[in-house]
Amino acid sequence: MRLLERFLPVLLWSLLAWFCTRQLSPLGWSAGWGVCGVLVGAFWLGRNKTLPVRTGFIWFACLALAVAAERISHFGLQFSWPSLMLGSDRVIGLSLCLRALVYWACGFVAIRWSCLRRPLFSLLESAIFCLLMLWIFAGHQQGFINRPFFFVDPIWGRGIDPTPLFLLVGLSAVLVVALFLGQGQIGVTAEREVDIPVGFTAVSRPRWRLWNVVLLACLLGGLFVLLPAQKIREYSEKYGPADGTTPTDERRYGKGNQKEGRGPSGQSGTPTPNPSGQPARPTPSDSGLPSGSSPTPDPSGTPASASPTPGKDGQSGNSPTPASDGQSGSSPSPDPGGTPASASPTPGQDGQSERSPSPDPSSASPTPGQHGPSGKPPSPNPSGQPSGSPSPSSGSPTPNDGQSSSPPPPDSSASQPPPNDQQPKFSDSGKSTKNQPVAVVVFKDDYQPECLTYYFRQNAFSQFNGIKLVSSADVRFDRDIPVQHPTHTRKQSTQGELAGMQLLPVEPENFKLISSRVAVLSQHFRPFGLSNPVAFWACPNPDPARFQKAFEVDSLALTLPYQKMVALKPGQKSWTVSEWKHYLEGPSDKRYAKLADQILQENKLSKKSPGFAKAVAIKLWLDEHCTYSLKSSSAQSSDPVASFLFGDRTGYCVFTSHAAAYLYRAAGVPARIAEGYAVPSANRGSGSALLIREKEAHSWPEVYFEGLGWTALDVNPKKSLVPPEDQVDPGLQQMLGDMAREQPNDPPPDSPDQPHLNLQELFKQLLMQLLAGLPWALGLTALFLLGVKVARRLRPHLGWHSDDPSLLFYQATLDRLADRGYWRRTGASREAFAEQLHSLVPSLKALTVLHLSSRLGAAQVSSAQARDLWKAAQQEVNRVPKTWRYYVRLLNPVSWWSVK
Amino acid sequence: MSETRKELDLAGVADIIGRLQNRLKFAVKGRDRIVDLVVLGLLADGHVLLEDYPGSGKTTLAKALGDSIIDDIADDGIPSFRRIQFTPDLLPSDITGVSIFDADSSSFQFRKGPLFAYVVLGDEINRTSPKVQAAMLEAMAEKQVTVDNVSYALNEVFYVLATQNPLDLSGTYPLPVAQLDRFLFKIRMDYIDRDSEIDVLTTRVDRTKQEAMEQLPKIFRAEVAQAREAVQRLVKIHPAINEALVDIARAVRAHPLVMQGISTRSLVLLAPALQVAAVMRNRDFVTEDDILWLAPYVFEHRMALSPGNGHVAKVLEECMAPILERISQSVLK
């Protein structure tokens with residue numbers, strides 16, 4: 001036990017050195033040198049702890065040594081010859097190690113030395129220790145389970161969950177601190193007791209106990225205030241409930257790591273199970289994954305795709321490795337034609353074009369040259385079957401695809417709105433069809449759209465690229481899309497922000513201004529609102545634990561009845577020829593025009609008919625003849641829209657919207673495709689809140705009429721292969737809506753638990769206030785105390801006599817002595833003190849006795865006698881040589897406080 | 001002799017103390033601390049237990065003390081100094097005295113034992129049987145001995161210096177707590193320093209020095225009693241000091257490590273000792289410094305700690321420090 005006490009500080013410091021050096025230094029093994037430094041320091045200190053030098057000297061020496069080490073290690077890098085002789089990596093390594101060694105040795109010696117000499121330094125030591133440890137684990141504490149890297153990576157690499165380990169570390173740290181504080185055993189080594197070795201341990205003194213309890217309370221209070229509780233709550237909410245993809249992900253990443261050994265260190269950030277990245281994980285990390293780089297032909301498809309398709313990039317060369325992807329490893333699909341793509345759980349897009357296409361066994365012959373002109377692989381895999389009989393992919397849903405029961409979103413970007421260059425994809429990768437809420441909209445005005453659907457436009461595509469519509473790079477087109485989040489609140493400016501939009505010239509009487517508040521639950525790069533948004537305001541996040549962001553939108557919602565739209569002219573008068581051309585451009589395929597003519601004729605309409613009537617006729621025809629499905633055989637076609645429209649007409653919104661847009665354009669109506677969310681108005685029910693779920697991501701065709709701007713004219717196929725969708729949970733919708741409302745100012749009366757007291761915030765504010773007031777309070781107190789000091793000093797001169805003159809003069813003498821650094825230590829009697837100072841101030845003894853006799857004895861002390869003694873003592877005190885400390889003590893406002 | 005009859009003032013007391021100290025310090029080298037305490041005990045009317053190794057000058061000290069008191073009533077058969085060597089087979093009557101049948105008067109005559117003296121040195125008191133120790137106890141507490149149901153008063157200047165060997169404990173009867181409580185002081189003696197030891201060796205053969213001591217002024221027996229009375233009368237004990245004494249006693253009793261605290265009698269014994277201490281320091285009032293000086297000698301042998309727990313001195317210091325500090329500070333207010 002004694003041995004443990006002796007070596008415990010060295011042990012703790014070694015631990016600290018290892019952690020810190022490991023955290024700071026890129027070289028793993030330099031941490032060992034940090035530990036060596038501590039051991040060297042401990043050895044030196046053990047030998048020399050009774051060295052008769054001052055603490056300040058030791059500090060100075062340690063500092064000098066550290067600076068010297070820094071310079072020496074710098075020399076190695078300054079000149080070229082050491083690198084030439086040893087190799088630059090070795091020079092850097094050596095300098096790092098030298099620094100670690102010397103820094104830690106010096107730091108250890110300086111602090112331990114001080115602790116041995118002055119008990120108060122052990123407080124400093126404890127504080128340094130705690131702070132450094134906290135710093136090391138601070139990254140982790142923010143909810144990132146994978147920090148510190150050097151600590152977690154090896155553990156993850158072995159497939160062990162480090163969470164319990166962290167809990168253990170934290171718990172033991174708290175226990176150790178509590179133990180030390182409780183026993184009053186941190187430090188407290190007095191000058192006389194240098195033989196008591198090194199100590200976080202040492203003599204226990206009962207009078208420290210109260211102080212320790214106060215310290216502990218402060219520590220806990222500080223932790224309570226400073227701990228990011230919200231982050232922790234967020235983290236636990238996201239991490240705790242397993243939502244379908246998390247385990248898959250975990251397994252995938254775990255597997256990828258295991259199988260391929262260690263990923264490069266740059267990727268150590270990615271194999272995190274942190275599901276907060278689930279919806280919002282930046283896509284690049286996805287493609288950077290080792291597992292993602294190996295596209296996955298299904299094991300069964302291996303023989304067919306043995307000849308790599310030139311359409312893919314070179315990475316497919318390593319594709320035949322079976323189960324190289326965790327996805328296929330975790331769920332090997334028994335279906336020979338099963339599309340593993342549909343099981344790919346990542347929402348990322350980059351890897352999708354490689355990962356999702358499963359080469360159809362029957363269509364393995366590569367067909368190069370069928371890519372779109374844009375150069376990107378626009379459609380997944382070149383497939384030789386434009387309109388085959390129901391292909392295996394759509395005909396037989398893969399059994400492992402647990403998500404196929406819900407309709408897929410229009411494209412893969414449902415949960416993550418794409419950047420500008422992202423285009424809708426004709427790929428039926430059924431994913432992110434969860435009921436996961438992505439946003440909640442709270443309407444402030446009543447509005448029921450005539451088309452029974454709320455459209456929230458996020459992006460628009462109008463540029464025809466030969467196959468499909470993509471977003472236009474030309475600044476003239478589609479500028480009514482907001483591109484950035486608003487920054488001003490309604491309080492800051494009454495004028496809403498355009499957020500990068502250019503408003504379209506519309507007739508205000510056709511619209512109603514609707515104010516709403518949107519709170520998004522997953523990350524969105526741009527704001528969106530009920531079509532058509534005209535102004536945005538930022539607003540404080542009502543519940544940061546739940547919402548990513550919130551903003552307010554003013555929208556012009558269409559109120560013009562459809563009957564009256566017939567009179568409107570398509571397009572805008574001010575449009576130039578090139579603009580008209582842009583919005584009317586469609587495939588060169590003659591079949592579109594033919595089909596459009598055929599539809600118009602069926603409805604007894606001609607080219608001259610009003611544009612709106614033509615568009616409606618086309619929409620109704622498509623409603624009649626299309627079938628809504630989650631899977632489309634046309635997805636793998638080289639011209640998916642044609643394949644869809646002139647084939648089985650079975651598909652989902654990307655197909656219907658494209659088909660409709662091409663037909664509108666063929667009929668002379670300017671059209672484009674919008675992307676965003678479309679929520680049936682039935683979902684809203686009677687409340688003012690509307691919940692947007694991931695599965696309500698949609699793309700729809702829009703037409704342009706003068707005075708209306710872009711108006712959704714969506715296709716609703718009458719036939720559907722999709723089972724009726726489940727209803728939105730009104731309770732959830734209501735709850736989220738209540739949360740998204742403005743809270744602090746006008747808490748809704750029907751939710752009494754809303755304005756709950758945020759204790760933490762309160763404490764934090766209180767702490768801040770206290771900290772802000774502290775300097776003033778300290779300054780004023782010091783000033784007051786100095787005033788008292790001066791008054792006490794002047795008192796005998798001014799002749800302020802109390803009842804007991806001896807007391808006055810005795811005190812005055814003691815004050816003077818305190819300024820010189822002499823005051824009675826607790827435990828010594830006053831006579832002992834006078835005796836001790838007898839050589840310096842002989843009169844003190846007489847003065848003491850005089851005072852005591854007036855106090856404890858019965859004697860009446862004459863003022864003159866006391867004054868004479870005081871004067872004598874004063875002169876003797878003045879003869880004591882002054883050191884610089886005297887002048888410091890002169891300014892010490894509480895020197896008289898130590899007079900006892 | 002007539003001048004001792006008049007009431008002494010504190011200067012007179014200090015003079016008596018000075019004379020005693022001079023003689024004793026001359027006789028026993030390097031024992032100033034103990035000499036002070038022994039003189040203090042004599043004037044405070046409290047007995048002293050010396051704990052030391054054999055051959056450290058205890059007897060010399062006691063004998064010198066006895067020699068310093070002039071036996072001015074020569075015919076009462078009470079000498080100024082007696083030494084009793086306690087042995088296991090000693091009987092109470094050996095120390096108290098015994099009634100002897102006088103054939104002449106056909107009656108029992110009481111023959112005084114060695115307790116009838118001014119200064120009694122009880123050597124190795126823990127070697128004798130409890131019976132003898134009990135007789136000793138009565139004598140020390142009551143200043144009388146009872147033989148055959150007749151009590152005989154001892155001299156008013158009855159002063160016991162007892163010794164015991166701290167190491168050689170086999171075959172001893174350790175003093176019970178009740179008896180330890182009768183001693184005002186228990187003083188542990190250390191080996192004397194080098195110079196004093198050399199001094200002892202040089203003066204051993206120096207006859208002139210032995211004679212020089214005889215020349216030093218002695219004190220009269222009556223002066224002791226007068227000094228005791230004068231100290232009681234003239235030295236002031238502030239109420240704060242009495243409070244502090246009681247508080248210390250209570251703090252010691254309440255201390256978790258202490259099994260047996262200090263008695264009220266010890267406080268009663270301590271009070272005159274403090275007064276003498278004040279006189280020895282040229283004061284006519286008691287201060288906390290006196291408590292600080294005497295408390296260890298008075299309290300330590302009365303306290304018993306639970307086994308294996310620290311030192312008595314440390315516990316006492318812990319208990320005293322805040323209380324004494326309080327008086328020190330209260331006086332400044």
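These numbers were taken from a predicted model, which means no experiment stands behind them. Each chain gets a letter, A, B and so on, in the order its sequence line appears, and its residues count up from 1.
- Annotation for Glu317(B): atom CD does not count as buried by contact number, only 12 or fewer foreign heavy atoms lying within 6.0 Å.
- Listed in order of number, the residues of residues 237-260 of chain B that approach chain A to under 4.5 Å between heavy atoms are His238(B), Ile241(B).
- Separation of atoms OG (Ser853(A)) and CG (Asp284(B)) is listed at 7.0 Å; rounding is to 0.5 Å.
- The number of heavy-atom neighbours closer than 6.0 Å to OH of Tyr886(A), taken from other residues, nucleotides and ligands shown, is above 12.
- Salt bridge absent: Glu835(A) and Arg281(B) never bring a charged side-chain N and a carboxylate O closer than 4.0 Å.
- Contacts between Val235(B) and chain A at a heavy-atom distance below 4.5 Å are absent for every atom of the residue.
- Contacts of Leu324(B) with chain A are absent, with no heavy-atom separation under 4.5 Å from either backbone or side chain.
- Taking CZ of Arg830(A) as the reference point, atom CG of Asp289(B) lies at 9.0 Å (rounded to 0.5 Å).
- The heavy-atom pair separating Leu856(A) from Glu288(B) by the smallest distance is CD1-OE1, 4.3 Å.
- Across all their heavy atoms, Arg283(B) and Val849(A) have their closest contact at CG-CG1, 4.5 Å.
- Shown here are the salt bridge (charged side-chain N to carboxylate O under 4.0 Å, His left out) partners of Arg302(B), two or more places apart in sequence or in another chain: Asp181(B).
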